2 protein chains.
Amino acid sequence: MNNNNKFSIGEFSEKTGIPIPTLHYYDEIGLLRPEKNPSSGHRIYNYQDIIILQKILSLKFLGYSLDEIKNLLNKTSFTVDLNESLSLHFQALEKEKKQIEQSMKSINRVIRLIEEEGTVDSNLIFSLIHGMRTEHIQEEWMVRHKLTDVMEELGKKSEEDKISLDKTFTQVSKEVKQLYGKPVEDPKVQRMIKNYIEEFFSFLGEDLMQKIADTNIEGELDIQELENMTPSLLTEDEQKWFNQAMEYHIQQEEME
Amino acid sequence: MNNNNKFSIGEFSEKTGIPIPTLHYYDEIGLLRPEKNPSSGHRIYNYQDIIILQKILSLKFLGYSLDEIKNLLNKTSFTVDLNESLSLHFQALEKEKKQIEQSMKSINRVIRLIEEEGTVDSNLIFSLIHGMRTEHIQEEWMVRHKLTDVMEELGKKSEEDKISLDKTFTQVSKEVKQLYGKPVEDPKVQRMIKNYIEEFFSFLGEDLMQKIADTNIEGELDIQELENMTPSLLTEDEQKWFNQAMEYHIQQEEME
DNA sequence: CCTTGAACCTCAAGTTACTTGAGGTTTTAT
DNA sequence: ATAAAACCTCAAGTAACTTGAGGTTCAAGG
């Protein structure tokens with residue numbers, strides 16, 4: 001088919017980069033109907049068809065469905081009607097973009113953690129991702145409890161700082177699992193707790209810690225709710241033991 | 001079902017925000033199988049199921065398919081194996097993000113154009129989008145013809161400048177369609193041409209224009225190819241007429 | 001205890017934008 | 001003339017749900 005204005009489906013596919021089955025499909029749904037050789041049934045594409053295909057690809061690029069494209073293709077001019085649909089698409093894309101950025105950050109943190117730790121408890125990973133995924137919910141919660149300044153400060157922390165906090169959490173959860181069962185006053189346990197508190201302090205800074213501590217949380221119930229939906233690093237028992245060790249540590253400090 | 005550790009599918013759906021049919025579906029494909037009341041067949045979800053669902057959502061957030069998730073769910077720890085797959089996902093997301101950013105820019109330009117012009121010839125829109133969609137191809141073309149510095153300069157132009165160039169193109173194509181048929185030496189026609197050249201000059205700057213003009217393009221064929229794939233603003237005849245008017249204008253200038 | 005409406009069940013089919021495959025015909029090159 | 005390559009149609013598969021029909025179970029009011 002070497003007339004230079006007519007192409008077989010293979011040549012057309014080659015030229016445009018669109019696979020043959022897809023062209024078949026577009027023909028079938030009436031989106032791009034080339035001429036056909038009446039005896040053999042073979043499709044014959046021409047330059048005009050290239051233009052139409054380019055239009056189709058352009059509209060797909062903007063995010064339209066093939067069905068919408070079928071309707072738009074016949075229009076010779078785009079007016080203010082279109083404007084609205086474009087704006088909608090724009091907003092949808094914006095949202096999608098944010099989603100993707102979040103995901104990329106999350107993945108990055110997980111990658112870094114695995115790289116530096118070798119093996120990581122899957123629950124930690126899940127609670128990490130969960131945290132990022134539901135960042136907006138947490139923010140809302142903070143706003144509700146008038147902790148907007150805390151939120152702002154947290155927002156300023158670099159990704160690096162967050163990663164190093166992730167590492168602390170991994171370490172701690174590993175140690176807890178090792179030390180679990182020992183009496184809470186065991187010096188090893190107390191060292192671990194001390195270490196944990198210090199790291200956390202140095203991340204948040206003293207005044208932020210104070211602010212959080214000062215916040216009297218009325219609706220304890222919804223924290224519980226929230227917690228129930230978060231994959232936890234520790235089993236229920238480990239968590240209890242950890243809390244006891246923490247209590248003990250604070251008491252000791254106060255006695256000094 | 002008001003035992004506070006067991007939920008009906010409705011309650012569970014409410015709590016997690018996942019629609020009931022989706023939960024049915026997850027049950028069917030074995031992703032999240034809650035207990036069932038053996039006599040009625042009603043599903044009974046508990047807190048553990050919330051955690052599992054959160055894990056599923058987390059992995060979806062990272063971009064895994066439900067099938068992959070099914071396999072990942074049982075793993076208790078994530079090791080370096082996972083690292084590779086995460087990196088892959090990261091790259092995929094990066095690409096997707098770029099795509100979206102491109103689309104957003106395109107839509108923005110189209111919106112602006114429609115806003116300011118009211119009605120726009122659909123071919124203009126298509127050639128605009130086409131241009132953005134195939135930016136990388138054009139870049140490649142420029143690199144091949146050693147026009148990297150031109151490319152760089154173009155990259156520096158602000159979106160605003162590009163939009164105003166879009167407007168020039170619209171205006172010109174409208175005027176061409178109005179004036180088409182008049183002799184090329186008609187003063188109106190020549191004014192239009194002059195105007196067009198000036199606008200184009202002021203966008204590119206004189207030295208860039210010169211560089212482009214100096215480039216001796218060996219492979220004229222592939223320009224032709226490229227052009228055949230671009231929706232054109234003008235019909236073939238209009239384009240010819242425009243080129244003639246342009247020739248005439250340049251001749252006149254040279255005579256002075 | 002009965003009824004009634006809401007909530008639940010299963011199973012089948014539809015959705016989007018393709019992709020894959022089987023089985024057969026036409027074209028093209030030698 | 002023949003064999004390989006390219007093409008055809010029609011059917012079915014894919015992911016991740018959504019929609020719908022037709023029937024059962026639960027919870028509350030009378």
Side-chain angles (χ1 to χ4, degrees), chain A residues 1-3 6-46 49 52-53 55-73 89 92 96 99, chain B residues 1-4 6-46 49 53 55-73 89 92 96 99:
Chain A
M1 197 165 307
N2 235 342
N3 179 327
K6 311 244 167 185
F7 320 107
S8 71
I9 196 170
E11 292 164 337
F12 191 78
S13 162
E14 189 85 352
K15 241 188 187 10
T16 61
I18 303 300
I20 294 176
T22 305
L23 293 172
H24 279 159
Y25 177 66
Y26 285 175
D27 187 359
E28 192 188 321
I29 65 171
L31 200 55
L32 179 60
R33 305 216 115 135
E35 213 183 312
K36 277 189 176 188
N37 179 328
S39 66
S40 73
H42 285 195
R43 292 172 179 78
I44 305 164
Y45 291 86
N46 60 29
D49 292 321
I52 297 175
L53 182 63
K55 287 187 182 183
I56 291 169
L57 298 177
S58 290
L59 289 168
K60 268 192 27 156
F61 181 75
L62 293 187
Y64 286 95
S65 72
L66 297 190
D67 214 46
E68 292 168 312
I69 292 175
K70 213 158 55 166
N71 296 325
L72 285 170
L73 267 188
H89 272 299
E96 220 175 304
Q99 243 270 41
Chain B
M1 195 162 314
N2 236 341
N3 180 326
N4 69 43
K6 311 243 167 185
F7 321 105
S8 71
I9 195 170
E11 292 163 337
F12 191 78
S13 161
E14 189 86 352
K15 241 187 186 9
T16 60
I18 303 300
I20 294 176
T22 304
L23 294 172
H24 279 160
Y25 177 66
Y26 284 175
D27 187 358
E28 193 188 319
I29 64 170
L31 199 55
L32 179 60
R33 305 216 117 135
E35 212 184 312
K36 277 190 177 188
N37 179 328
S39 67
S40 73
H42 285 196
R43 292 172 179 80
I44 304 164
Y45 291 86
N46 60 30
D49 292 322
L53 183 62
K55 288 186 181 184
I56 292 168
L57 297 177
S58 289
L59 290 168
K60 268 192 29 156
F61 181 76
L62 293 187
Y64 286 95
S65 72
L66 298 190
D67 214 47
E68 291 168 313
I69 292 174
K70 216 163 43 170
N71 296 325
L72 286 170
L73 268 187
H89 272 299
E96 219 176 304
Q99 243 268 40

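Everything quoted here is computed from the prediction, not taken from an experiment.
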**Student:** Counting heavy atoms from C-beta on, name the nucleotide in C:dT19, C:dA17, D:dT18 closest to the side chain of A:T22.
**Tutor:**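 Between C:dT19, C:dA17, D:dT18, the one nearest the side chain of A:T22 would be C:dT19.
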
**Student:** Given D:dT9, D:dC17, D:dC26, which nucleotide is nearest the side-chain atoms of A:H24?
**Tutor:**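 Of the candidates, D:dT9 comes closest.
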
**Student:** Is the shortest side-chain N to carboxylate O distance from A:K6 to A:E11 below 4.0 Å?
**Tutor:**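 Salt bridge absent between A:K6 and A:E11.
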
**Student:** Base, sugar-phosphate, or nothing for B:I9, non-hydrogen atoms under 4.0 angstrom?
**Tutor:**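 Touches sugar-phosphate only.
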
**Student:** Which word best sums up how the rings of A:F12 and A:Y45 line up, parallel for under 30°, tilted for 30 to 60°, or perpendicular for over 60°?
**Tutor:**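 Taking A:Y45 first and then A:F12, their aromatic rings lie parallel (interplane angle under 30°).
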
**Student:** Given atom OH of A:Y25 and atom C1' of D:dT9, what is their separation to the nearest angstrom?
**Tutor:**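 Taking OH of A:Y25 and C1' of D:dT9, I get 17 Å after rounding.
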
**Student:** Nearest to the A:R43 side chain among C:dT27, C:dC18, D:dT9, which nucleotide is it?
**Tutor:**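 It is D:dT9.
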
**Student:** Check whether any side-chain N or O of A:S8 sits under 4.0 Å from OP1 or OP2 of D:dC7, and answer yes or no.
**Tutor:**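 Yes, A:S8 has a side-chain N/O under 4.0 Å of OP1/OP2 on D:dC7.
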
**Student:** Tell me: CD1 of A:I20 to P of C:dT20, nearest whole Å?
**Tutor:**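 Rounded to the whole Å, the gap is 13 Å.
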
**Student:** Could you tell me how far apart A:I69 (CD1) and C:dA17 (C1') are, to the nearest whole angstrom?
**Tutor:**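 Checked: the CD1 to C1' distance equals 11 Å.
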
**Student:** Tell me: NE2 of B:H42 to P of D:dC26, nearest whole Å?
**Tutor:**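 Going from B:H42 (NE2) to D:dC26 (P), I get 6 Å.
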
**Student:** Under a 3.5 Å threshold, yes or no: a donor from one side chain and an acceptor from the other, between B:D67 and B:S65?
**Tutor:**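 No, because no side-chain N or O of B:D67 sits under 3.5 Å from a partner of the opposite role on B:S65.
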
**Student:** Do B:R33 and B:R43 come within less than 4.5 Å of each other through their side chains, counting heavy atoms only?
**Tutor:**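 B:R33 does not reach B:R43 side chain to side chain.
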
**Student:** Using the closest heavy atom to pick a nucleotide of DNA chain D for each, name whichever of B:N37 or A:G10 lands nearer the 5' end.
**Tutor:**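 The residue whose closest nucleotide sits nearer the 5' end is A:G10.
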
**Student:** Compare the minimum distances between each of D:dT19, C:dC18, C:dT10 and the side chain of B:P21, then state the nucleotide with the smallest one.
**Tutor:**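 Looking only at side-chain atoms, B:P21 lies closest to D:dT19.
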
**Student:** From D:dT18, D:dT9, D:dC7, pick the nucleotide closest to the side chain of A:K36?
**Tutor:**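 Selected nucleotide (nearest to the side chain): D:dT9.
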
**Student:** Ignoring backbone atoms, test whether A:S40 places a side-chain nitrogen or oxygen under 4.0 Å from the OP1 or OP2 oxygen of D:dC8.
**Tutor:**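 For A:S40, the contact criterion (side-chain N or O under 4.0 Å from OP1 or OP2 of D:dC8) is not met.
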
**Student:** What is the distance from CD of A:E11 to P of C:dT27, rounded to the nearest Å?
**Tutor:**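 Rounded to the whole Å, the gap is 14 Å.
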
**Student:** Does B:Y26 place a side-chain N or O at less than 4.0 Å from the phosphate oxygens OP1/OP2 of D:dC17?
**Tutor:**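 Checking D:dC17 against B:Y26, a side-chain N or O does come within under 4.0 Å of OP1 or OP2.
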
**Student:** Could you state the atom-to-atom distance from CD of B:E28 to P of C:dA13 in whole Å?
**Tutor:**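 That distance rounds to 14 Å.
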
**Student:** Determine yes or no for a side-chain-to-main-chain donor-acceptor pair under 3.5 angstrom, with A:K70 supplying the side chain and A:I29 the backbone.
**Tutor:**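 Yes, the answer is positive, given that a donor and an acceptor are paired below the 3.5 Å cut-off.
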
**Student:** Mind calculating the distance between CG (B:L32) and P (D:dA16) to the nearest angstrom?
**Tutor:**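 Spelled out: CG on B:L32 to P on D:dA16 is 16 Å.
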
**Student:** Can you measure B:D27 atom CG to C:dC9 atom C1' for me and round it to whole angstrom units?
**Tutor:**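 Rounding to the nearest Å, CG of B:D27 and C1' of C:dC9 are 11 Å apart.
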
